[in-house]
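Taking it in order: structure first as structure tokens, then the write-up.
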2 protein chains.
Amino acid sequence: MKIRGYGQYCPVAKTAAVVSGRWTLLILRDFVLRGTRRYNELKRGNPLIPPSVLAQRLKSLEYAKIIARERSAHGNTWEYHLTEAGEELRPLIEAAGHWGQRWLGSTLTRNDVTPSVLMWDIKRKLRCNELPPDRTVICVEFTDLKRMRFWWLVVEEGNADICMENPGHDVDITIYADLLSLTQVFLGSMSISRALSEGKVRTSGRRELTKSISRWFGVSMFADDNPLNRTG
Amino acid sequence: MKIRGYGQYCPVAKTAAVVSGRWTLLILRDFVLRGTRRYNELKRGNPLIPPSVLAQRLKSLEYAKIIARERSAHGNTWEYHLTEAGEELRPLIEAAGHWGQRWLGSTLTRNDVTPSVLMWDIKRKLRCNELPPDRTVICVEFTDLKRMRFWWLVVEEGNADICMENPGHDVDITIYADLLSLTQVFLGSMSISRALSEGKVRTSGRRELTKSISRWFGVSMFADDNPLNRTG
DNA sequence: CAGTATCCGATGCGATACTG
DNA sequence: CAGTATCGCATCGGATACTG
């Protein structure tokens, strides 16, 4: 486990030696912004990372004392968590996100979107307390997909679960959208109300859930950095 | 000129695709923090970068609209400058520097230090207005070096020049130090007064310049992030 | 001064398969 | 679930030499 540096004393260079390998910043993002703790969660959040690379990066980050690996609460599996040093990478990660949204947000293409990643992001940002107190079932149908077309979010007691098969309960609201449009909504480059009025997103089901959708449908933490949202 | 992305819509991933190549963050540091504008300045600040890699990175950054290349004022050479997008990378670079100083500052070794880079950093941070209004000549002698042992800073009219040969003027103050110690002083991991009292750094010449040294000898912008300086 | 040209070697990386 | 093992290719990166 050797870290290849740059032969420079500059603190920026020291940091760069640790965080600038391929995939590394994304793994850190998962820890810092998504609260990820497990190997397979990291795979889910980064579908294209080779498992060997992920394993190697985790070892490096552990070696650098940015994360630590330990038994989970139940003791039957492993978990990673940020150290204090790792926590303090938050400003760096957030700066990267703000900048990317502001200056590269318009580069979004079909190659950048994956239904599973989007659905987990949506789930994570769902404002459950803005939904009815009893169980709510939200169905998402990606109108342009064959596989991975249907997703269900079951919200109960302030907690959301993701299913890929019909969970059997009555569906309270269905959201129809193509994958790219719903991603744009999540990223804040298109407001959900505009998406609805333009027909990019449609809904069916209980009317009051559609009316309140912009309250319970949370968006990316970088949504406000979108150039469209600039006040200046 | 293709940028290899990660197949993710996340703004952090978009940024990572642009800035996380080897040397890239350091080149950006030179633009953002050192005010570098020229190819050879970049080489000076990054002695180990291969010229072909530097050229490729500059092209990439230009392609990404982070820097722009244009004729210098005199028109006989080329200069780079940050675009607005590039300027806004400052928070990212500074976050990297703060973190590196705080968590990796103690990893400094002999392999990380270069006299030329240090001298240019010192020159850049010299507080000329704290020096006498007339010409001041500062000699730095790296006591552990054979080559690159002597350096002169000629400060005149609020401006400092670096020489590697005796400029001929009388020397007002000479600073003797080994390369690692003076680097530590610059980085703030050792205060100059402590370095003097411990004999890591010595001076000769005009007494008033030694007495005021902690005023005119500027340090790294990350010096305060050193764990030693923590108040908490 | 500001880069190209060339070349080679390491290794990072990706793909796939497999395991306790 | 949480990774290893293997493997081969590509390409990145480093060194050196050279040029308008």
Side-chain angles (χ1 to χ4, degrees), chain A residues 1-8 13 16-27 30-31 36-63 67-81 111 116 120 162, chain B residues 1-8 13 16-27 30-31 36-63 67-81 111 114 116 120:
Chain A
M1 186 67 38
K2 68 158 172 277
I3 291 169
R4 199 168 53 143
Y6 293 95
Q8 298 188 15
V18 172
V19 306
S20 76
R22 188 159 168 81
W23 295 107
T24 303
L25 222 46
L26 304 197
I27 294 169
D30 276 31
F31 282 118
T36 300
R37 305 183 73 87
R38 313 265 284 268
Y39 182 90
N40 280 346
E41 289 181 87
L42 289 163
K43 277 181 78 165
R44 202 174 52 210
N46 301 276
L48 299 181
I49 193 173
S52 51
V53 172
L54 176 52
Q56 191 281 331
R57 292 296 186 272
L58 288 169
K59 286 207 178 75
S60 282
L61 291 172
E62 191 181 356
Y63 178 79
I67 61 176
R69 179 176 185 263
E70 58 182 19
R71 288 273 170 200
S72 67
H74 304 85
N76 46 355
T77 181
W78 292 100
E79 283 189 359
Y80 300 90
H81 64 89
N111 294 328
S116 60
W120 281 89
I162 287 194
Chain B
M1 186 66 40
K2 67 157 172 278
I3 290 170
R4 200 168 52 142
Y6 293 95
Q8 298 188 13
V18 172
V19 306
S20 76
R22 189 158 167 81
W23 293 108
T24 305
L25 222 47
L26 305 197
I27 293 169
D30 277 31
F31 282 118
T36 301
R37 305 183 74 86
R38 313 264 285 268
Y39 182 91
N40 280 345
E41 289 181 88
L42 289 163
K43 277 180 79 165
R44 202 174 54 210
N46 301 276
L48 298 181
I49 193 173
S52 51
V53 173
L54 176 52
Q56 192 281 331
R57 292 296 185 271
L58 288 169
K59 284 206 178 76
S60 282
L61 291 172
E62 192 181 355
Y63 178 79
I67 60 175
R69 180 177 186 262
E70 57 182 19
R71 288 273 169 201
S72 67
H74 304 85
N76 46 355
T77 181
W78 292 99
E79 283 188 359
Y80 299 91
H81 65 90
N111 294 328
T114 320
S116 59
W120 280 89

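Proteins get letters first, then strands, A, B, ... in listed order; numbering begins at 1 in each.
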Gap between atoms [atom1] and [atom2], on [X] and [N] respectively (whole Å):
X: E79(A); N: dG3(D); atom1: CD; atom2: P; answer: 11 Å
X: E62(B); N: dA2(C); atom1: CD; atom2: P; answer: 15 Å
X: W78(A); N: dG3(D); atom1: CH2; atom2: C1'; answer: 12 Å
X: R22(A); N: dG12(C); atom1: CZ; atom2: C1'; answer: 10 Å
X: W23(B); N: dG14(D); atom1: CH2; atom2: P; answer: 6 Å
X: L58(A); N: dT4(D); atom1: CG; atom2: P; answer: 9 Å
X: L42(A); N: dC1(D); atom1: CG; atom2: P; answer: 13 Å
X: R44(B); N: dA2(C); atom1: CZ; atom2: C1'; answer: 14 Å

Heavy atoms from C-beta onward define the side chain here; which of [options] lies closest to that of [X]?
X: N40(B); options: dA2(C), dG13(D), dT4(C); value: dA2(C)
X: T77(B); options: dC1(D), dC13(C), dA2(C); value: dA2(C)
X: V53(B); options: dT4(D), dA2(C), dG14(D); value: dG14(D)
X: R57(A); options: dG13(D), dC13(C), dA2(C); value: dC13(C)

Check: Okay, side chain of R22(B), backbone of Y6(A): is any donor-acceptor separation there less than 3.5 Å?
Finding: no
Notebook entry, point to check: Between Y39(A) (side chain) and P51(A) (backbone), is there a donor-acceptor pair under 3.5 Å?
Noted result: yes
Roughly how far apart are [X] [atom1] and [Y] [atom2], rounded to 0.5 Å?
X: F31(B); Y: L42(B); atom1: CZ; atom2: CG; value: 4.5 Å
X: Q8(A); Y: N111(B); atom1: CD; atom2: CG; value: 12.5 Å
X: L58(A); Y: W23(A); atom1: CG; atom2: CH2; value: 13.0 Å

Next item on the list: Note the angle between the end axes of the helix from dC1(C)-dG20(D) to dG20(C)-dC1(D), five pairs defining each, rounded to 10 degrees.
Entry: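 The angle, to the nearest 10 degrees, is 60°.
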Check: Is there a side-chain contact between L54(A) and N46(A), using heavy atoms and a 4.5 Å cut-off?
Finding: no
Margin query: Quick check: do R57(B) and V53(B) have side-chain heavy atoms less than 4.5 Å from each other?
Written below: yes
Would you tell me if any nitrogen or oxygen in the side chain of [X] comes within less than 4.0 Å of OP1 or OP2 on [N]?
X: Y6(A); N: dG14(D); result: no
X: K59(A); N: dT4(D); result: yes
X: R38(B); N: dA2(C); result: yes

Margin query: Assuming nearest nucleotide by heavy-atom distance, tell me which of R4(B) and E41(B) is located more 5' along DNA chain C.
Written below: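 So the residue in question is E41(B).
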Margin query: Just to verify, which of R71(A), R69(A), R37(A) counts as forming a salt bridge (charged side-chain N to carboxylate O under 4.0 Å, His left out) with E79(A)?
Written below: R37(A)
Checklist line | Contact state string [nucleotides 15-20 of chain C, B base, S sugar-phosphate only, - no protein heavy atom under 4.0 Å] | finding: BB----
Note to self: Tell me the closest heavy-atom pair linking L25(B) and A16(A), and the distance in Å.
What the structure shows: CD2-CB, 3.9 Å
Note to self: If we count only N and O atoms by modelled type, under 3.5 Å, do the side chains of S52(B) and Q56(B) hold a donor and an acceptor together?
What the structure shows: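 Absent: no donor and acceptor within the cut-off.
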